[in-house]
Amino acid sequence: MPPRPHVFVAASTALLAAAVIPATVLPALAVPAETPHAPAAHTPTFPDPASLAPVSPAPASPAPASPERHGAPGPAAGPPAGKESFRRDGFPEDGPVTAAGLLSRAGGCDQISNGRYRTRDSTPATIPVCDARGAVFWKADMDIDCDGQATAHCNPSADPYYQDTTAYTQADGRALNPEELPYIVVPLSSSIWNFRSSGIRGGSVAAVIHRDKVEYAVVGDTGPPGIIGEASYATARALDIVPDPAGGGVPSGVTYIVFKDSEISRLDDQETITRRGDELAKQFLRNN
């Protein structure tokens, strides 16, 4: 496209006007260097800058909201679907507590046990019990406890170590139902650690974490004094751990957070377990 003489005339005139005319007038005098698709019909003329009276700037108006382009929706308010909103301290503003939030508070270990536990008789003692504000915790494996009421998956045929009793019972005095009730096992009190001295009792509420899942449970049974890392069939199933008492479980990667002085009166009240667990977990995040 050949150059257009009027462009240079316009530019010279605009430069002269910039020295005299207030800035608010200049945009009106600007001439595009090139008009798409159609040439200008004539060379524009401009008034003598000296004859122009100063123009008061127009009052500022509120910036309009950014329009949506091509029908695309604007940004949604709040976090994306399926995501939690967290404050800077990691505490969720709404919704349930996440595994990542709890694990961030159970990183180090202020050891409260006098020694360490084994995960089974054949392994070395490497698991300490750690103290925290309002809770104790440990990181171990998960063996499957099927003790309690006999069920389709928890019975002498399915579990060679099956016992029809649990250290603590449900409201009607019967043993706990391992297939339906999420519960964990704590080691019998010993010189290593006396769980009662830490405010832990039968019915204390716990958060059990594996990968990205959290399951709230109660202390429902006791195990050998030197072994740690065991939970009921129902707890394992909720965490996507194979719940088979004979060959299931996982060798590591499970965190047990047991809240101090948190026992509930009815160990089989799963609604209360879940509600109290969520309350106590949020308090754990606030305090640690």
Side-chain angles (χ1 to χ4, degrees), residues 96-97 99 117-123 138-188 195 200-225 227-259 262-278 280-281:
V97 174
Y117 287 95
R118 305 174 187 274
T119 55
R120 57 188 57 196
D121 289 332
S122 59
T123 61
W138 58 88
K139 301 178 181 182
D141 67 338
M142 181 181 284
D143 294 324
I144 309 303
D145 188 349
C146 251
D147 292 345
Q149 298 177 35
T151 67
H153 295 98
C154 290
N155 53 64
S157 298
D159 183 1
Y161 303 104
Y162 173 78
Q163 300 179 40
D164 62 1
T165 60
T166 49
Y168 306 102
T169 59
Q170 59 188 33
D172 61 4
R174 300 169 65 199
L176 302 178
N177 184 327
E179 191 170 342
E180 297 297 329
L181 181 69
Y183 70 76
I184 67 169
V185 181
V186 295
L188 283 166
F195 63 87
I200 309 302
R201 300 172 183 81
S204 289
V205 179
V208 189
I209 304 107
H210 179 246
R211 295 181 178 172
D212 62 346
K213 290 186 176 294
V214 179
E215 176 67 6
Y216 296 116
V218 289
V219 172
D221 206 358
T222 55
I227 305 292
I228 205 167
E230 191 174 2
S232 68
Y233 185 104
T235 308
R237 181 180 57 201
L239 294 171
D240 289 341
I241 295 172
V242 176
D244 178 13
V250 288
S252 62
V254 181
T255 299
Y256 303 78
I257 302 175
V258 189
F259 304 109
S262 64
E263 66 272 16
I264 60 175
S265 58
R266 290 189 54 185
L267 277 66
D268 56 336
D269 185 350
Q270 295 192 45
E271 183 178 348
T272 298
I273 293 171
T274 301
R275 177 177 52 79
R276 284 289 291 147
D278 186 64
L280 291 163

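What you see is a predicted model, and the numbers here were worked out from it, not measured in a lab.
- In this structure, Tyr162 OH and Ser157 OG are separated by 10.5 Å, a value rounded to the nearest 0.5 Å.
- To the nearest 0.5 angstrom, Gln270 atom CD is 9.0 Å from Asn177 atom CG.
- Ala207 and Val214 make their closest contact through CB-CG1, 4.3 Å (heavy atoms, listed as atom of the first residue, atom of the second, distance).
- The number of heavy-atom neighbours closer than 6.0 Å to CZ of Arg275, taken from other residues, nucleotides and ligands shown, is above 12.
- When all heavy atoms of Asp147 and Gln163 are compared, the closest pair comes out as OD1-N, 2.9 Å.
- When side chains are defined from C-beta on, Ser204 counts as touching Ser262, because their heavy atoms get closer than 4.5 Å.
- Considering every non-hydrogen atom in both Ala140 and Gly229, the closest pair reads CB-CA, 4.1 Å.
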Working note: Leu181 + Ile273, criterion side-chain contact (heavy atoms from CB on, under 4.5 Å); need CA distance, chi angles, decisive distance, verdict.
CA-CA 10 Å; Leu181 181 69; Ile273 293 171; 3.8 Å; yes
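- Within the 4.5 Å cutoff, no side-chain heavy atoms of Asp240 are placed close to those of Arg211.
- Not counting sequence neighbours, the partners of Asp172 by the side-chain hydrogen bond (donor to acceptor under 3.5 Å, both in side chains) test are Gln170.
- The shortest side-chain heavy-atom distance between His210 and Ile241 falls under the 4.5 Å cut-off.
- Interatomic distance, Gln149 CD to Asp164 CG, rounded to the nearest 0.5 Å: 10.0 Å.
- Two residues are said to be in side-chain contact when any heavy atoms from C-beta on lie closer than 4.5 Å; Ile228 and Trp138 meet this criterion.
- The shortest non-hydrogen separation linking Ile184 to Ala206 is CD1-CB, 3.9 Å.
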- request: Please test Met142 against Leu239 for side-chain contact (heavy atoms from CB on, under 4.5 Å), starting from the C-alpha separation and ending with a verdict.
  value: CA-CA 11 Å; Met142 181 181 284; Leu239 294 171; 3.9 Å; yes
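- Distance check, rounded to the nearest 0.5 Å: OH of Tyr216 to CD1 of Ile257 gives 9.0 Å.
- Atom CD in Glu215 sits 6.5 Å away from atom OG1 in Thr274 (nearest 0.5 Å).
- Annotation: the span from Ile227 atom CD1 to Asp121 atom CG amounts to 4.5 Å, rounded to 0.5 Å.
- Considering only heavy atoms from C-beta on, Asp141 stays 4.5 Å or farther from Val254 through its side chain.
- Side-chain contact between Val205 and Ile264: present, with at least one pair of heavy atoms (C-beta onward) separated by less than 4.5 Å.
- Under the 4.5 Å side-chain criterion, counting only non-hydrogen atoms from C-beta, Asp221 is not in contact with Glu230.
- Contact annotation: the side chain of Tyr256 never approaches that of Val219 to less than 4.5 Å [non-hydrogen atoms, C-beta and beyond].
- Under the 3.5 Å distance criterion, the side-chain polar atoms of Asp159 are left unmatched by any main-chain donor or acceptor of Asn155.
- Contact between Glu179 and Arg237 at its shortest, heavy atoms only, is O-NH2, 2.7 Å.
- What you find for His153 and Tyr233 is that their closest heavy atoms are CG-OH, 3.2 Å.
- Using a distance-only test at 3.5 Å, with no hydrogens or angles considered, a donor-acceptor pair links the side chain of Ser232 to the main chain of Tyr183.
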Q.
Pair Arg266, Thr272 - check side-chain contact (heavy atoms from CB on, under 4.5 Å), show working.
A. CA-CA 9 Å; Arg266 290 189 54 185; Thr272 298; over 6 Å; no
